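Here's the structure we're looking at; comments come further down.
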Amino acid sequence: MPELPEVDAVVRRLREAASSSTIHSVTIERPGNIAPQNPSTFRALHGAKLLNVRRRAKYIFIEFSNQLHVQVHLRMTGNLYVLPDYRFRPHNTRIWFRLKDNRVLIYEDSRALGRMHLVTREDIAATEAALGPEPLDAAFTPALLQTILHSVKSPIKPVIMDQRRIAGIGNIYASEALWHSRIDPRLSARDIPKRKITALHTAIQKVLGNAVVSAYAEYAQPGTTPESESFGVAVYGRKDEPCLKCKKSILRIVQGGRSTFFCPNCQRP
DNA sequence: TCGATCCTGTAG
DNA sequence: CTACAGGATCGA
């Protein structure tokens, strides 16, 4: 489900729906999703008021009264949203927060790979300190990207997905950004010429920026986003289909255990 | 830096 | 049945 743009939409939705709500009770259906913490830890949230929700990279931080914070990572299939009544919770609900007004904050996650933890301000600071720059921030400049890539000899694609270097680029948008900037995903990060780094910087911001806008539009007006803009997909998942620029076949390879899609004709020196 | 791992679900 | 899935971490 979520890359950065979808996480961003989840955060906005949650902020609008649940700010100022008070927690009545918390039910951990699947302790694995809060491991290594203990379900009893979450009792501290009973009676706490939700003050704010924000995003950093693909993490979600929910601030409650009484100095309590919940940190969420949706991983592959997680989702977080409010339903009108706790009895509506779906089958794959792993954790749910019954609110005082009888609504329910649902943490749904079919593969159960995501994590939710009760944390302190200091824990959050530590999590954030381990992350690279936000790709959509003004501080993320072409010069910074060049610095990041300069010393790394690994193939570019896994490098831009490394959250410690740049925080928030996932598997889909990594392939997409490299296609837009005509960079071979197998090329060593250090060997990318300066003008291609500039192009990559532009592509990352464009691809992610567009996706943030459409993810939000999809939430505000479901079904109105044109297919061509809904995911910004030019190469991802299009193995053996014609490249949109040159009509040659898109290839699929595996890097770091993840699928990479690219055009061997457009993406080369 | 690769491969295994955490899990369930779906497509072929 | 196998392959694969939008993520991240761990140990060899």
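Owing to the predicted nature of the structure, the values given are computational and were not obtained by experimental measurement.
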ask   = Could you write nucleotides 7-12 of chain C as a row of B, S and -, 5' to 3', where a protein heavy atom under 4.0 Å of any base atom gives B, of only sugar-phosphate atoms gives S, and otherwise -?
value = BSS---
Would you tell me if any nitrogen or oxygen in the side chain of [X] comes within less than 4.0 Å of OP1 or OP2 on [N]?
{"X": "A:S259", "N": "C:dA5", "value": "yes"}
{"X": "A:N92", "N": "B:dG9", "value": "yes"}
{"X": "A:R94", "N": "B:dC6", "value": "no"}

Work out how far the [atom1] atom of [N] is from that of [M], and round it to whole angstrom.
{"N": "C:dT2", "M": "B:dA4", "atom1": "P", "result": "15 Å"}
{"N": "C:dC1", "M": "B:dT5", "atom1": "C1'", "result": "22 Å"}
{"N": "C:dC4", "M": "B:dC7", "atom1": "P", "result": "22 Å"}

task = Under 4.0 Å between any heavy atoms, over every strand shown, what does A:D109 touch: base, sugar-phosphate, or nothing? Just pick one.
result =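 The residue A:D109 makes no contact with any strand.
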task = Remember a base hit wins even if backbone is also touched, and classify A:R164 as base, sugar-phosphate or nothing at under 4.0 Å, heavy atoms.
result =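 The residue A:R164 makes no contact with any strand.
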Nearest whole angstrom, please: distance from the [atom2] of [N] to the [atom1] of [X].
{"X": "A:K239", "N": "C:dA5", "atom1": "NZ", "atom2": "P", "value": "11 Å"}
{"X": "A:D162", "N": "B:dC2", "atom1": "CG", "atom2": "P", "value": "13 Å"}
{"X": "A:Q255", "N": "C:dA5", "atom1": "CD", "atom2": "C1'", "value": "17 Å"}

Check residues 25-32 of chain A and write down every donor-acceptor pair under 3.5 Å in which the side-chain atom is one partner and the other belongs to a residue at least two apart or another chain.
| residue | atom | partner | partner atom | Å |
| --- | --- | --- | --- | --- |
| A:E29 | OE2 | A:W96 | NE1 | 2.7 |

inquiry  = Going by side chain to side chain contact (heavy atoms under 4.5 Å, CB included), name the residues that satisfy it together with A:N66, two or more places apart in sequence or in a different chain.
reply    =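 Partners of A:N66 by the side chain to side chain contact (heavy atoms under 4.5 Å, CB included) criterion, ordered by chain and then number, come out as A:A48, A:L68.
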Side chain to side chain contact (heavy atoms under 4.5 Å, CB included) partners of A:K49, counting only residues at least two apart =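 Expected list: A:S20, A:T22, A:L51, A:S65.
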Stem segments of DNA chain C by first residue number [Watson-Crick or G-U, under 3.5 Å, at least 3] =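 In DNA chain C, stems of three or more pairs: B:1-6 with C:7-12, B:8-12 with C:1-5.
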task = Name the orientation class of the two ring planes belonging to A:F97 and A:F64 (parallel below 30°, tilted from 30 to 60°, perpendicular beyond 60°).
result =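 It falls in the parallel class, under 30°.
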inquiry  = For a quick check under 3.5 Å, do A:E108 and A:T93 share a side-chain donor-acceptor pair by atom type?
reply    =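 Judged by distance alone, the side chains do not pair up.
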Inter-residue atom distance A:R115.CZ - A:R94.CZ, 0.5 Å rounding =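 Interatomic distance, A:R115 CZ to A:R94 CZ, rounded to 0.5 Å: 11.5 Å.
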query = So which pairs with a foot in residues 141-156 of chain A pass side chain to side chain donor-acceptor pair (under 3.5 Å), sequence neighbours left out?
reply =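 Of all non-adjacent pairs touching residues 141-156 of chain A, none passes side chain to side chain donor-acceptor pair (under 3.5 Å).
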ask   = Quick one: do A:R55 and A:D8 make a salt bridge, cutoff under 4.0 Å?
value =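 Here A:R55 pairs with A:D8 in a salt bridge, since their nearest N and O are under 4.0 Å apart.
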message = Could you check whether any side-chain N or O of A:K248 sits under 3.5 Å from a backbone N or O of A:C263, counting only pairs where one atom can act as donor and the other as acceptor?
response =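 Not confirmed, A:K248 side chain does not pair with A:C263 backbone.
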